[in-house]
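As structure tokens, the structure follows; a few thoughts come after it.
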Amino acid sequence: MEASFEITLQIVSVVVAGITAQVLAAYFRLPSIVLLLLLGILLGSDGLGVLHPHVLGTGLEVIVALATAIILFEGGLNLDVQELGRVSVSLQLLVTLGTLITLIGGSMAAHWLGEFPWNIAFLYGSIIVVTGPTVISPLLKQINVDRQVATILEGEGVLIDPVGAILAFVVLDTIMNGDADPINAIVGLLMRLGIGAAIGGAGGYLMSLIFKRANFLSPELKNLVVLAILWGLFTVAQTIRSESGVMTTVIAGAVFANSSVPEERLLRSFKGQLTILSVSVLFILLAADLSIASVFALGWGSVFTVLVLMFVVRPINILCCTWNSNLNWRQKLFLSWVAPRGIVSASVASLFAISLTQRGINGGDAIKALVFLTIIMTVVCQGLTAGTIAKWLRITSKDATGAMIVGCNPLSLLIARFFQERGETVVMIDTDPERCEQAAAQDIRVISSSALDVSVLEEAGLASMGTFLAMTNNGEVNFVLAQRAAEEFSPPRVLAVFPRKPQANSSNNHKVNQAFSTELVIKTWNEYLNDGRVKLGTTTLNDSEFRKQQDRIQEKIKSGDLIPLLLEREDRLQVMSASQEWLVGDRIIYLLHDPRPNLLKRLSGGSQSTRLSLETLPEVEELPLEKLSQLFTGDAPKN
């Protein structure tokens with residue numbers, strides 16, 4: 001009875017400590033793994049002595065295996081095939097060539113700097129090829145990094161986990177059995193990957209069928225059925241071929257997530273909660289079982305080993321794997337810096353330490369200590385600085401470019417052309433074929449479909465766009481479209497043309513900004529454009545007349561004679577919102593109503609009102625610009 005109570009006390013203490021660390025991490029906006037590691041070490045045998053994971057015996061290995069299965073399945077659920085397709089080449093190279101580079105580089109550093117024998121050095125190299133999706137995903141959500149970079153990091157973290165874990169077990173098997181034949185090692189690796197992928201693919205398809213057709217099951221019961229199937233698949237794969245279960249869980253999650261399953265959101269929420277619990281329990285347990293003395297015993301050579309891994313091996317890896325990609329140097333530099341190791345490395349290292357010790361092979365505790373040193377250094381250094389570096393490199397999601405505009409009309413076409421002139425990606429969506437043809441005639445990408453369909457927004461690439469703008473003639477529809485875009489894709493800027501008081505204080509109103517002004521009647525301004533009764537102008541707010549300029553423009557907005565369209569700030573173009581705060585140096589682009597008929601009729605084919613040119617407009621500020629593209633040169637003379 002005492003033994004069972006002691007185990008119960010250990011489990012309860014671990015759960016309480018893990019959730020406490022998660023809460024504190026959320027409050028202080030820190031990577032949760034940092035606090036989990038610190039709290040685990042503090043409560044472990046080398047700290048306060050509250051936690052003693054060895055009391056669990058072989059149960060520790062069972063907990064590690066089943067929790068890892070949940071974590072990797074949840075990672076597979078987050079794999080978006082369409083997003084991965086945009087970076088598929090780089091991702092394939094990171095999982096293949098990148099694995100090889102990290103294996104060789106990490107092994108050489110561990111041998112020459114850490115003074116580990118070659119067999120243990122290669123075992124270390126195989127363990128640390130994996131990055132941690134459970135560390136990366138929360139980190140990326142916290143710093144809101146550019147979508148393309150986020151997709152690569154998340155995809156690498158999820159896909160490389162099973163590859164790295166299986167590779168590590170193949171290396172361990174080679175060391176323990178004394179078989180140095182590389183052919184056998186490669187065959188063993190491919191066999192485990194193949195068996196795991198086959199079982200995972202079939203299992204993922206089975207899960208999707210249950211969700212689609214088993215309508216007699218409640219959503220809660222369906223979630224538990226999926227959990228039962230997941231652990232069943234993991235066990236079957238492990239029975240057929242040891243360590244193939246890690247691949248099974250990832251593939252099952254990916255197949256399920258890309259099967260258009262109804263109520264998938266409920267499963268994601270359930271699995272997300274289980275993952276947080278699993279990560280919390282595993283990190284606390286494994287950190288508590290770590291011997292601090294063994295970490296300090298490694299010496300400076302091991303510290304230099306990790307530094308080489310971070311500052312030499314990782315940059316070479318990224319340089320080789322993204323050489324021909326469309327990533328810019330800022331994105332590559334960020335990818336080179338962010339590669340924290342996580343729970344898979346920790347759990348594999350802990351299991352290996354046990355296996356090596358049981359076989360009487362020296363180095364088990366040392367390699368565990370080195371892996372945990374790698375986790376601590378990469379997580380603390382990279383996790384705490386990633387946000388600052390992303391802002392410095394200007395690759396946060398708020399810096400994302402491109403615009404998706406719903407509604408093809410004269411006013412939206414005009415705005416689309418401004419973005420297009422800047423070289424930014426523009427996509428327009430409309431259900432009217434004739435209007436779509438007008439947009440296509442101006443070399444603007446257009447999709448003839450309903451923007452209410454989330455899959456259409458996905459296909460159009462909203463996940464990587466900086467701006468979503470809904471400006472059909474129906475204000476209520478615009479507001480609903482913008483709300484859905486904000487909920488599903490969370491682009492940095494979501495705007496819509498809608499009535500002044502839409503749907504009484506919806507909880508998501510703060511995510512949707514009112515475009516242009518509260519006084520805008522879009523149908524009227526489209527008529528003005530079609531009739532040529534507008535002027536297109538710009539003004540730059542200067543320090544000496546800032547207040548007067550604002551008052552003059554606001555007066556014309558309230559009278560209905562002017563609508564501010566776009567704002568240029570720090571060389572970035574953005575759609576003007578009704579609540580926009582203006583700053584000195586901002587350049588405002590606007591339309592001014594001119595009641596004189598046909599004064600500025602610059603139409604090609606009778607309705608190409610978007611071919612307006614900027615003119616001298618003394619009513620606001622004189623800028624004698626002749627062509628639209630000249631707006632962005634910044635060298636226009638001023639009065």
Side-chain angles (χ1 to χ4, degrees), residues 405-418 435 469-479 481-482 495-503 509 512-541 545-568 573-582 586-603 607-623 625 628 631:
I405 304 175
V406 181
C408 292
N409 52 59
L411 190 58
S412 63
L413 288 171
L414 175 63
I415 292 169
R417 280 194 59 234
F418 273 96
R435 290 181 177 180
L469 173 61
M471 51 186 303
T472 70
N473 288 333
N474 190 322
E476 297 293 339
V477 170
N478 291 338
F479 188 74
L481 289 171
L495 302 102
V497 176
F498 56 76
R500 272 187 223 180
K501 296 180 181 179
Q503 302 164 355
N509 280 6
V512 179
N513 291 308
Q514 193 167 22
F516 312 126
S517 76
T518 57
E519 314 296 331
L520 176 65
V521 181
I522 190 170
K523 187 175 180 181
T524 301
W525 280 93
N526 280 326
E527 289 175 359
Y528 290 164
L529 275 163
N530 278 329
D531 294 340
R533 290 181 287 158
V534 291
K535 292 180 180 180
L536 180 63
T538 181
T539 184
T540 301
L541 303 178
E545 297 185 343
F546 182 67
R547 180 62 61 185
K548 288 183 180 179
Q549 287 175 312
Q550 279 200 101
D551 293 342
R552 199 178 307 154
I553 294 173
Q554 290 296 339
E555 181 182 347
K556 289 184 177 295
I557 292 173
K558 290 178 181 178
S559 67
D561 293 326
L562 181 148
I563 54 169
L565 297 179
L566 301 161
L567 178 79
E568 188 180 21
L573 192 67
Q574 54 185 283
V575 176
M576 184 74 73
S577 73
S579 58
Q580 183 75 54
E581 183 180 348
W582 296 349
D586 287 347
R587 175 178 278 184
I588 299 169
I589 303 163
Y590 57 86
L591 272 181
L592 185 69
H593 176 222
D594 187 345
R596 293 169 293 179
N598 300 322
L599 180 64
L600 287 177
K601 189 95 171 177
R602 309 212 191 276
L603 307 174
S607 63
Q608 299 297 320
S609 56
T610 56
R611 295 300 177 187
L612 285 170
S613 299
L614 286 167
E615 296 196 356
T616 300
L617 301 179
E619 294 93 337
V620 182
E621 178 179 346
E622 296 184 6
L623 286 177
L625 301 179
L628 177 63
L631 173 65

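Keep in mind it's a predicted model, so treat the numbers as computed, not measured.
- Listed for the Asn473 side chain is no donor-acceptor partner under 3.5 Å among the backbone atoms of Asn409.
- For the atom pair OG1 of Thr524 and CG of Leu529, the computed distance is 11.5 Å after rounding to the nearest 0.5 Å.
- In this structure, CE in Met576 is found 4.5 Å from CD1 in Ile588, a value given to the nearest 0.5 Å.
- Considering only residues two or more places apart in sequence or on other chains, Glu527 meets the side chain to side chain contact (heavy atoms under 4.5 Å, CB included) condition with Lys523.
- Judged by distance alone, the side chain of Ser577 and the main-chain N or O of Gln514 form no donor-acceptor pair under 3.5 Å.
- Rounded to the nearest 0.5 Å, atoms CZ (Phe418) and CG (Leu565) are 7.0 Å apart.
- Here the side chain of Glu568 pairs no donor or acceptor atom with the backbone of Thr540 at under 3.5 angstrom.
- When all heavy atoms are compared, the tightest approach of Met471 to Ile522 is O-CD1, 3.2 Å.
- Taken to the nearest 0.5 Å, the CG atom of Leu469 stands 8.0 Å off from the OG atom of Ser412.
- Leu414 CG to Leu566 CG: the interatomic distance, rounded to the nearest 0.5 Å, is 7.5 Å.
- More than 12 heavy atoms of other shown residues, nucleotides or ligands fall within 6.0 angstrom of atom CD in Gln554.
- Heavy atoms only, all atoms of each residue included: Val497 and Asn478 are closest at O-ND2, 2.8 Å.
- Applying the side chain to side chain contact (heavy atoms under 4.5 Å, CB included) criterion to Asp561, with sequence neighbours excluded, gives Ser559, His593.
- Not counting sequence neighbours, the partners of Ala416 by the side chain to side chain contact (heavy atoms under 4.5 Å, CB included) test are Ile405, Val426, Met428, Ile444.
- Considering all non-hydrogen atoms of both residues, Thr472 and Gly407 come closest at CG2-CA, 4.0 Å.
- Closest of all the heavy-atom pairs between Leu541 and Ile553 is CD2-CD1, 4.5 Å.
- When the side chain to side chain contact (heavy atoms under 4.5 Å, CB included) test is applied to Gln550, the partners found at least two apart in sequence or on another chain are Phe546, Arg547, Trp582.
- At least one side-chain heavy atom of Thr539 sits under 4.5 Å from a side-chain heavy atom of Tyr590.
- Here the side chains of Leu591 and Leu536 are in contact, with some heavy-atom distance below 4.5 Å.
- Ile563 is not listed as a side-chain neighbour of Tyr528, based on a closest heavy-atom distance of 4.5 Å or more.
- Taking each heavy atom of Trp525 and Leu520 in turn, the nearest pair found is CD1-CD1, 3.3 Å.
- Across all non-hydrogen atoms, the minimal contact from Phe516 to Ile415 is CZ-CD1, 3.2 Å.
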